[in-house]
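Read the numbers this way: they start at 1 and go in the same order the structure lists the ligands and their atoms.
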Amino acid sequence: MMRPQSGGRTLKCGQRRLQLDRPCVMGILNVTPDSFSDGGHHDALDAARRHAERLLTEGAAIIDVGGESTRPGAEGVPLERERERVLPVVEMLVREFDALVSVDTSAPEIMTEVAAAGAGMINDVRSLTRPGALEAAAATDLPVCLMHMLGEPQTMQRAPHYDQPIETAVVDFLESQIARCERAGISRERLILDPGFGFAKTLEHNLRLLNRMDALEALELPLLVGMSRKSMVGKTLGRGVDERLPGSLALAVMAVERGGHIIRVHDVAPTVDAVNMTWAVLQERIDHE
Ligand code: 7PM
């Protein structure tokens, strides 16, 4: 349930504003590596343009541009590669669509450059832990999404183990990251929290964390959740990546019911309907209690 303290909030995202008085959808934009498209740079940018246009038409409030470096099991992407993939896409999204762009990056140089290019949010799955990232993010004045993860994407899924209940580990981690940000001059008003579904977590961890999202609501910051097409759906239902939409919609609905504000997904149109339908029911409860 949306709490009164988070209701009516507006997040300043560079030149753009994000209304958080009702849940919204963040669309994941594929940033195709040049090597995957024969036409090189131009082809890749054109594919990103067409995909973004669709995400926005379908009702995405935010476009999340990923630099490939954050995926579980992923090898690190050299800075120069990340820059040439991400920067032209951010510039295009801002110039051609005036979109609210979030950038999935851990590199301080990229944070500085995308902010100058008009990005509206920093989404760092490593919670600004790379050397220089905290300072770079602080200087952008943009909102930052802090996500729970243990270790590095490359190795985190080997044998995730926690000595505490998963939600306690997540809350403790995020509380210390919030304090670290505040000390560096990133005020609470700029922070978004994410439990990090699928990051250093077993299926049991992920299911329990969704049930215990109220533990995160206690931190009184906007919550971003990403469960779209993830292995928690695949493992539970025995579905391949292309067959996970119904499972992902069920999770999106549950996340909204448990106070999620920003729902990060691949399939924007069906998720917008699921989120809006869920929200209408929750509103009736608030309006008539
Ligand atoms: C393979 C496995 C490819 C997993 C991509 C992924 C999140 C994120 C990602 C999230 C935030 C995906 C993930 N997941 N950022 N970036 N929260 N804030 O499904 O849950 O896109 S990468």
Side-chain angles (χ1 to χ4, degrees), residues 11 13 18 24-33 36 51 55 60-77 82 85-86 100-107 110-111 119-129 133 137 142-157 160 166 170 173-174 177 190-201 203 205-207 209-210 213 216 221-235 239-242 244-245 247-249 251-252 254-255 260-268 271:
L11 198 58
C13 304
L18 180 65
C24 66
V25 171
M26 169 186 267
I28 302 168
L29 181 69
N30 309 321
V31 180
T32 319
F36 286 7
H51 188 192
L55 297 175
I62 311 166
I63 303 282
D64 191 43
V65 178
E68 303 272 316
S69 56
T70 55
R71 281 95 202 264
E75 295 286 332
V77 174
E82 187 177 352
R85 277 182 202 171
V86 169
L100 204 178
V101 181
S102 146
V103 182
D104 207 331
T105 189
S106 299
I110 302 290
M111 293 174 189
M121 187 181 294
I122 294 169
N123 175 25
D124 180 9
V125 300
R126 294 181 185 77
S127 296
L128 310 178
T129 53
L142 296 178
V144 175
C145 178
L146 300 173
M147 195 195 80
H148 175 268
M149 172 169 63
L150 204 62
E152 275 288 309
Q154 229 168 315
T155 54
M156 66 186 179
Q157 287 300 74
I166 183 68
V170 170
F173 173 88
L174 291 174
Q177 297 306 315
R190 284 171 63 188
L191 297 176
I192 298 163
L193 304 180
D194 185 337
F197 288 104
F199 286 85
K201 291 166 191 81
L203 173 59
H205 288 142
N206 289 316
L207 299 178
L209 200 46
L210 179 55
M213 266 182 59
L216 271 81
L221 289 176
L223 300 179
L224 188 157
V225 295
M227 297 183 282
S228 178
R229 299 185 188 173
K230 282 189 178 172
S231 71
M232 61 189 292
V233 178
K235 285 178 184 161
R239 303 283 183 219
V241 175
D242 296 337
R244 297 180 185 173
L245 176 58
S248 299
L249 290 174
L251 296 178
M254 294 188 77
H261 294 90
I262 303 174
I263 313 298
R264 181 182 179 277
V265 299
H266 302 85
D267 305 285
V268 171
T271 307

Do Thr105 and Val86 have side-chain heavy atoms sitting under 4.5 Å apart?
-> no

Evaluate the side-chain proximity of Lys201 to Met232: yes if any heavy-atom separation is below 4.5 Å, no if none is.
->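 No; the side chains remain at least 4.5 Å from each other.
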
For ligand 1, which atoms have a heavy atom of [X] less than 4.0 angstrom away?
{"X": "Val125", "answer": "8 (C), 15 (N), 16 (N)"}
{"X": "Asn123", "answer": "11 (C), 15 (N), 18 (N)"}
{"X": "Gly226", "answer": "20 (O)"}
{"X": "Met147", "answer": "10 (C), 11 (C), 17 (N)"}
{"X": "Leu224", "answer": "18 (N)"}

With a 4.0 Å heavy-atom cut-off (strictly under), which part of [X] contacts ligand 1: side chain, backbone, both or neither?
{"X": "Asp64", "result": "neither"}
{"X": "Val225", "result": "neither"}
{"X": "Met227", "result": "neither"}

Is there a donor-acceptor contact under 3.5 Å from the side chain of [X] to the main chain of [Y]?
{"X": "Arg229", "Y": "Ser248", "answer": "no"}
{"X": "Lys230", "Y": "Ser228", "answer": "no"}
{"X": "Ser127", "Y": "Met147", "answer": "yes"}
{"X": "Asn206", "Y": "Gly198", "answer": "yes"}

Short N or O distance, Asp194 and ligand 1, threshold 3.5 Å exclusive =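 There is such a contact, yes.
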
Using heavy-atom distances, let me know which of His148, Lys230, Met149 sits nearest atom 20 (O) of ligand 1.
->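 Residue with the shortest heavy-atom distance to the ligand atom: Lys230.
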
Pairwise distance CD1(Ile192) to CG(Asn123) - rounded to 0.5 angstrom = 8.5 Å

